[in-house]
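One structure below.
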Amino acid sequence: MFMKLRSKESYWLLKSGLLHSYPSLQHDINCDVLVVGGGITGALMGLQFSTDGYKTVLIDKRDVGTGSTCATTALLQYEIDEPLHTLVKKVGEEAAIDSYRGGVAAIEKLADIVKKISAGCGFERKQSVYFACSKSDARLLTREYECRKTAGLDVTWLNKRELQSRFNVEGEGAILSVSGASVDAYTLTHALLQYSVNNNDLRIFDHTEAEQFRYSPGYNYVITDTGRTIRCTHIIYATGYESQKMTGKKTVSLFSTYAFITEPISNLPQPFTETIFWNTQHPYLYFRTTPDNRLLVGGADEKFKDAAMRDMLIEKKENQLVKAVEKILPSLSLIPDFSWAGTFGSTKDSLPYIGPHPDYPNSHFVLGFGGNGITFSVMGMDILKDSVAGRPNKFLTYYRFGR
């Protein structure tokens, strides 16, 4: 049995359907790089290594893109769940600032990738507004603003009046950032995979589960549930939160998160549609618009216990999220259209784990835990490129296992 990472059917999967399917593996194969996991992270890894000339194979035990990827709300942020001014205390100034700057660069890189592969995935560049729920939060957010400004990030402070007049959002102040975006991650995943198949000879096999692993000097062997053997030089694990059984519970804590999307709204002001929003409450509330003028809202996180208990709360959480957003956006009338839940992971320092694992030879993980996992995955393209080649990379130190 494998973990169920989403519940009901997310808007993205219902909207687009099963865009592409691939055969299961029915013969033994050899490759340079095996990517395990066919979500957005695996698709980015497949693009990177097939572009670099490695003979690359990707496998997924589901249909590709139907795990966490089709449940994500896909707010693309450079921000990390841990504020910069407190992250500095946890991991040091250099690692903290580099991680925030790396997020900015990742959004730029993803924009270039989307343009290169002509992906019709609803990618939109947006501003980001991080707003305070209370006066005490506003004081902390002011400190965060000063820290980001000192680090050279492009940010502006908005007071309560400016936040309301520019975005019709009720809050006690906000950090406005120029770096942000949104995307349909499910459609983008399929576009990445198709581009890599057609241009870089990436081979993809879905409904193919890796059941056994054998490690030996020079090669790794993966035995699939179809009884076939994949011999590879390197394995890239892009299995997200399901990697917990390999990396250990101390690596990540699992949470359930909830989301809903409204029916199209006719009176959305233009500045609002060009911005993604999140606030300072714990757990934080976040929302953005879609290209068809829907409002997508997420939050109300809880510790993950099991999929059945998570799913039972969907209706309750939808009502909770609707009430929370109506307080912040009193001028909008919200009619929920779809709601769903997903599972995500959080680390103690809110940073990902990207790089080799000491217990698994010639194996590399790209686990973009946290609220901005997609931007971490984009960063992982260059990080794992160096990891596989045996080259140094400062992020391999920052994001190492056992830190």
Side-chain angles (χ1 to χ4, degrees), residues 30-60 80 91-92 94-96 98-103 105-106 109-110 113 192 196 200 202 210 213-222 230-244 246-248 250-252 345 347 349-370 372-403:
N30 300 325
C31 61
D32 299 323
V33 173
L34 171 65
V35 179
V36 181
I40 182 64
T41 302
L44 290 166
M45 295 304 110
L47 175 67
Q48 180 65 62
F49 288 101
S50 63
T51 299
D52 288 345
Y54 293 92
K55 294 181 180 179
T56 307
V57 169
L58 182 147
I59 63 173
D60 195 299
I80 294 168
V91 302
E94 183 178 11
D98 283 348
S99 294
Y100 266 70
R101 290 175 176 170
K109 180 171 182 173
L110 188 59
I113 291 172
L192 289 165
S196 298
N200 303 331
L202 173 68
F213 302 88
R214 297 203 307 266
Y215 306 98
S216 63
Y219 292 101
N220 291 340
Y221 296 87
V222 175
I230 305 172
R231 190 183 80 164
C232 54
T233 308
H234 296 274
I235 302 176
I236 306 296
Y237 291 98
T239 48
Y241 315 118
E242 292 181 317
S243 64
Q244 186 187 47
M246 296 183 67
T247 60
K250 292 183 178 179
T251 301
V252 61
T347 63
D349 57 13
S350 296
L351 296 181
Y353 286 93
I354 303 177
H357 193 289
D359 295 338
Y360 305 102
N362 300 316
S363 300
H364 316 260
F365 290 76
V366 53
L367 307 176
F369 297 134
N372 52 349
I374 294 177
T375 49
F376 280 143
S377 296
V378 175
M379 291 175 65
M381 297 173 72
D382 287 329
I383 299 171
L384 285 198
K385 177 178 181 179
D386 287 339
S387 183
V388 166
R391 294 189 294 263
N393 185 304
K394 60 186 177 182
F395 289 103
L396 287 170
T397 301
Y398 300 158
Y399 301 159
R400 70 189 184 279
F401 288 94
R403 61 178 183 264

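Every heavy atom of this structure was used, including side-chain atoms; hydrogens, water molecules and symmetry mates were not. None of these values were measured; they are calculated from a predicted model.
Residue pairs meeting the salt bridge (charged side-chain N to carboxylate O under 4.0 Å, His left out) criterion with at least one member in residues 30-56, sequence neighbours excluded, are D52-K385.
With sequence neighbours excluded, the residues forming a salt bridge (Lys or Arg N to Asp or Glu O under 4.0 Å) with R403 are D349, listed by chain and number. Residues that satisfy the side-chain hydrogen bond (donor to acceptor under 3.5 Å, both in side chains) test with T375, not counting sequence neighbours, are absent from this structure.
A 4.5 Å side-chain heavy-atom check between I80 and F376 finds at least one atom pair inside the cut-off. Using a 4.5 Å heavy-atom cutoff, the side chains of R214 and V222 are not in contact. By the 4.5 Å heavy-atom criterion applied to side chains, I40 and L192 are counted as neighbours. Here the side chains of F49 and I236 are in contact, with some heavy-atom distance below 4.5 Å. Contact annotation: the side chain of V252 never approaches that of L367 to less than 4.5 Å [non-hydrogen atoms, C-beta and beyond]. You'll find the side chain of D386 stays beyond 4.5 Å of the side chain of V388, heavy atoms only. Put simply, the side chain of L351 reaches to within 4.5 Å of the side chain of V91, judged on heavy atoms. Two residues are said to be in side-chain contact when any heavy atoms from C-beta on lie closer than 4.5 Å; S363 and P356 fail this criterion.
Between Y360 and F213, the gap from one ring centroid to the other reaches at least 6.0 Å. Between Y353 and Y399, the ring center distance fails the sub-6.0 Å criterion.
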message = Could you go through F369 and Y241, starting from their C-alpha distance and side-chain angles, then the distance that decides it, and tell me whether this counts as ring pair (Phe, Tyr, Trp, His ring centres under 6.0 Å)?
response = CA-CA 8 Å; F369 297 134; Y241 315 118; 5.5 Å; yes

ask   = Stepwise, does the side chain to side chain contact (heavy atoms under 4.5 Å, CB included) test hold for V366 with M379?
value = CA-CA 9 Å; V366 53; M379 291 175 65; over 6 Å; no

key: Residue pair D98, Y398: steps toward the side-chain hydrogen bond (donor to acceptor under 3.5 Å, both in side chains) verdict   = CA-CA 9 Å; D98 283 348; Y398 300 158; 2.7 Å; yes

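Each of T56, L384, V36 was compared with M45 under the side-chain contact (heavy atoms from CB on, under 4.5 Å) criterion, and only L384 meets it. Of the residues N30, N362, T233, the one that meets the side-chain contact (heavy atoms from CB on, under 4.5 Å) test with Y219 is T233. Each of M246, H357, E242, H364 was scored for a side-chain contact (heavy atoms from CB on, under 4.5 Å) with Y237, with one residue passing: M246.
Judged by distance alone, the side chain of T251 and the main-chain N or O of T247 form a donor-acceptor pair under 3.5 Å.
A donor-acceptor contact closer than 3.5 angstrom links the side chains of T41 and S377.
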